[in-house]
Amino acid sequence: MLRFLLLRLFFLCFASSVTNAAQRGPFAMRISCGARQNVQTRPTTTLWYKDFGYTGGIPANASTTSYITPPLKTLRYFPLSEGPSNCYKINGVPKGHYSVRIFFGLVAQARATNEPLFDISIQGTQIYSLKPGWTTQDDQPFTEARLFLMDRTVSICFHSTGHGDPAILSIEILQIDDKAYYFAPNWSQEIILRTVKRLSCGFGQSKFGVDYGADPKGGDRFWQHIKTFGQDSDRPRSVETRIKKASLPPNFYPETLYRSALVSSSSQPDLSYTLDVDPNRNYSIWLHFAEIDNSVNSIGQRVFDIMINGDVAFRDVDIVKLSGDRYTALVLNTTVTVNGRSLIITLRPKEGSLATITAIEILEVIMPESKTLSDEVMALQTLKRALGLPPRFGWNGDPCVPQQHPWTGVDCQLDKSSGNWVIDGLGLDNQGLKGFLPKDISRLHNLQILNLSGNSIGGAIPSSLGTVITLEVLDLSYNIFNGSIPDSLGQLMKLKRLNLNGNLLSGMVPATLGGRLLHRASFNFTDNKGLCGIPGLPACGPHLSAGAKIGIGLGASFAFLLLITCSVCWWKRRQNIIRAQQIAARAAPYAKKRTHFSRDIQMTRHNNYGNSHTAAENGPILLGG
């Protein structure tokens, strides 16, 4: 009985957790840039999180440029003094498919004519470049892209182009269905889809998904209303009838989107829409239809072809036939390559009524950039901290991508074997840098040129540099490096130029480096007062290894201690001798008197030996003294 109750309790808890997860819905994170506290905006009471701990830059009051911009009062901008590239790094994002949307703004105190132009990248891939005049176009204050985030982190970077300071109003990260906008057999989780244009045709107003009451799994898309494609070329039509098969996975289109449409006119039967685009790009085109005309109630009464830039993309489109019924949503998708600067979509009637369309989506297909090897990225981050690189360097995001904006002083090349970018050059000369050169510099396994000359970098030259066997140029001149030159540098067989002049180095130049001078290598060791051992430098004594030097030092110390000990012993013995002599000198007169007295007695006894008498004859003998 107890087991049964426990199992029941477990299943109830599990069901409750699943229900709660379903109620929570997809992951959504909205950041009000520059805000110091969470904000809710009307009329939807959308929650925007405060901007804290994601990036650098400067918060400021915001001036918006379009009625579709979120009603937020602050933004964050990035002056060039903060570096050419600045990134928001947002952690804790669950793995999945996301719509990432960035709104731009203007600093409130800035001049109205100061329209910033800058580039935007996500996860190291450039997705958009702001174009002149964006502040006057209602549909251009934001950019939006769909991509997979698989490492629980998203990096959104803003790159200066020399035309004003990037200013960011808000960032939205909205989870969508994993199969959303699946557009081709070669579709993969690596592909990025950037929104170029999204149109709602016919009657109505420009709206976000939330305004349509759409499913949040659709990603709160913005639909720009368009009433006509051209003067007298079409007419709008709308109904109140409910549309079937609209808000379905994986794209979850709002059902009310399909209640309005544009229909071509008898004077201009072709229904045509033209959009300016960037050339030599691939575009995924999504065309939406629903037969809402009461006069068309069966198959064959409206048939048309769809052409894109003059090529037929879909033949004999019959909405009722393809959707299965009237008032039923139909979506057609194709991907095209556009070499010119115009994308023209034309619907040409073939049978029955005129052409009609409900909505259009145009998405740019972007292949993601290959990333830099993570080991080399970490090595550069360690170098950044060790040298104390100032913000003006803009070492944020990925060092090599986007290719249009690599890190200052960093040269990259694509490693064909791994498919990743690697660092093959570092040029940070004459930058006023301090700090030290960390041993992790050896993790740059593909480095060919390292130039840190003309700074104030100190400490020892790390011996680990000798493991970067690809090095051809090593220039550390005119710094304050000290200590000896590592023997390991002699292992750099590809080294053609080595400049260590103008430092505080000491000791013998390693013989392996000296020998390389015979192989047309260019080495410079001058202006180091302590260096010796090769032509042009002072002569050295016998070159001793570090172990030998330690042994000599210990031996000298032992000999010194032994000398001190012997000296102390000799001094004490000498003191004892002197003390004994002094005592003997004081006792000398008494010793002489006793000696004379003893001799007198002996002489008296000798003289009386032959004339012996008795005591009675001689009388008593008195001894005294």
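Source: prediction; values computed, not measured.
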Should [X] and [Y] count as side-chain neighbours, where that means a heavy-atom distance under 4.5 Å?
| X | Y | answer |
| --- | --- | --- |
| Pro349 | Val303 | no |
| Cys33 | Leu169 | no |
| Leu106 | Thr65 | yes |
| Phe289 | Leu347 | yes |
| Val263 | Asp293 | no |
| Glu172 | Met29 | no |
| Trp421 | Val377 | no |

Residues Ile360, Arg198; criterion side chain to side chain contact (heavy atoms under 4.5 Å, CB included); working and verdict: CA-CA 6 Å; Ile360 299 174; Arg198 186 175 283 115; over 6 Å; no
Taking every non-hydrogen atom, the tightest pair across [X] and [Y]:
| X | Y | result |
| --- | --- | --- |
| Asp211 | Thr44 | OD1-CG2, 4.3 Å |
| Ala246 | Ala329 | CA-CB, 3.9 Å |
| Tyr283 | Val277 | OH-CB, 3.4 Å |
| His288 | Glu361 | NE2-OE1, 2.8 Å |
| Gly419 | Leu414 | O-CD1, 3.8 Å |
| Lys95 | Gln175 | O-NE2, 4.0 Å |

Side chains of [X] and [Y] only: does a donor on one sit below 3.5 Å from an acceptor on the other?
| X | Y | value |
| --- | --- | --- |
| Asp119 | Ser129 | yes |
| Asp151 | Thr153 | no |
| Ser170 | Trp48 | no |
| Asp415 | Ser417 | yes |
| Ser121 | His159 | yes |
| Asn420 | Ser370 | no |
| Gln268 | Ser265 | no |
| Thr135 | Glu115 | yes |
| Tyr182 | Asn251 | no |
| Thr337 | Asn282 | yes |

Using 0.5 Å steps for rounding, measure from the [atom1] atom of [X] to the [atom2] atom of [Y].
| X | Y | atom1 | atom2 | answer |
| --- | --- | --- | --- | --- |
| Asp305 | Phe314 | CG | CZ | 11.5 Å |
| Leu147 | His97 | CG | NE2 | 7.0 Å |
| Phe118 | Cys157 | CZ | SG | 12.5 Å |
| Asp220 | Arg101 | CG | CZ | 5.0 Å |
| Asn339 | Asn309 | CG | CG | 9.0 Å |
| Ser323 | Lys245 | OG | NZ | 7.0 Å |

Decide side chain to side chain contact (heavy atoms under 4.5 Å, CB included) for Arg76 and Tyr54; before the verdict, give the C-alpha distance in whole Å, the side-chain angles of both, and the deciding distance to 0.1 Å. CA-CA 11 Å; Arg76 186 174 293 272; Tyr54 299 116; over 6 Å; no
Are the charged groups of Asp316 and Lys321 less than 4.0 angstrom apart, N to O?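 So Asp316 does not pair with Lys321 through a salt bridge.
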Electrostatic pair Arg146-Glu144, nearest N-O below 4.0 angstrom: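 A salt bridge is present here (some side-chain N lies under 4.0 Å from a carboxylate O).
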Are more than 12 heavy atoms from other residues, nucleotides or ligands located less than 6.0 Å from atom [atom1] of [X]?
| X | atom1 | value |
| --- | --- | --- |
| Tyr327 | OH | yes |
| Glu190 | CD | no |
| Lys89 | NZ | no |
| Lys73 | NZ | no |

Does [Y] offer a backbone N or O that forms a donor-acceptor pair with the side chain of [X] under 3.5 Å?
| X | Y | value |
| --- | --- | --- |
| Thr228 | Asp234 | no |
| Gln123 | Ser155 | yes |
| Thr334 | Ala313 | no |
| Arg341 | Asp276 | no |
| Thr125 | Glu369 | yes |
| Glu376 | Leu373 | no |
| Arg30 | Leu47 | no |
| Thr328 | Gly324 | no |
| Thr136 | Gly133 | yes |
| Thr64 | Ser66 | no |

When you measure from the centre of the six-membered ring of Tyr212, is the NZ or CZ of Lys207 under 6.0 Å away and within 45° of the axis?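 Here Lys207 passes the 6.0 Å and 45° test against Tyr212.
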Angle class for the Phe103/Phe208 ring planes (parallel below 30°, perpendicular above 60°, tilted otherwise)?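 Because their plane-to-plane angle lies in the 30° to 60° range, the rings of Phe103 and Phe208 count as tilted.
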Does the side chain to side chain donor-acceptor pair (under 3.5 Å) test come out yes or no for Asp398 and Thr372, once each step is laid out? CA-CA 7 Å; Asp398 190 292; Thr372 307; 2.5 Å; yes
Apply the side-chain contact (heavy atoms from CB on, under 4.5 Å) test between Phe229 and each candidate in Asp270, Leu262, Ile345; give the one that qualifies.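 For Phe229, the side-chain contact (heavy atoms from CB on, under 4.5 Å) test succeeds with only one of Asp270, Leu262, Ile345, which is Leu262.
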Could you give me the CA-CA distance, side-chain angles and deciding distance for Lys50 and Arg36, then say whether side chain to side chain contact (heavy atoms under 4.5 Å, CB included) is met? CA-CA 5 Å; Lys50 63 183 179 181; Arg36 298 182 178 180; 5.9 Å; no
Walk me through whether Phe222 and Ser206 qualify under side chain to side chain contact (heavy atoms under 4.5 Å, CB included). CA-CA 7 Å; Phe222 174 71; Ser206 298; 3.7 Å; yes
Identify which one of Tyr77, Phe142, Trp134 satisfies the ring pair (Phe, Tyr, Trp, His ring centres under 6.0 Å) criterion when paired with Phe104.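 The ring pair (Phe, Tyr, Trp, His ring centres under 6.0 Å) with Phe104 is passed solely by Trp134 among Tyr77, Phe142, Trp134.
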When you look at Arg302 and Asp318, which way does the salt bridge (Lys or Arg N to Asp or Glu O under 4.0 Å) test go after all the steps? CA-CA 6 Å; Arg302 189 194 303 275; Asp318 187 327; over 6 Å; no
Before we go on, tell me: are the rings of Phe183 and Trp286 under 6.0 Å apart, centre to centre?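 No: the rings miss the under 6.0 Å criterion.
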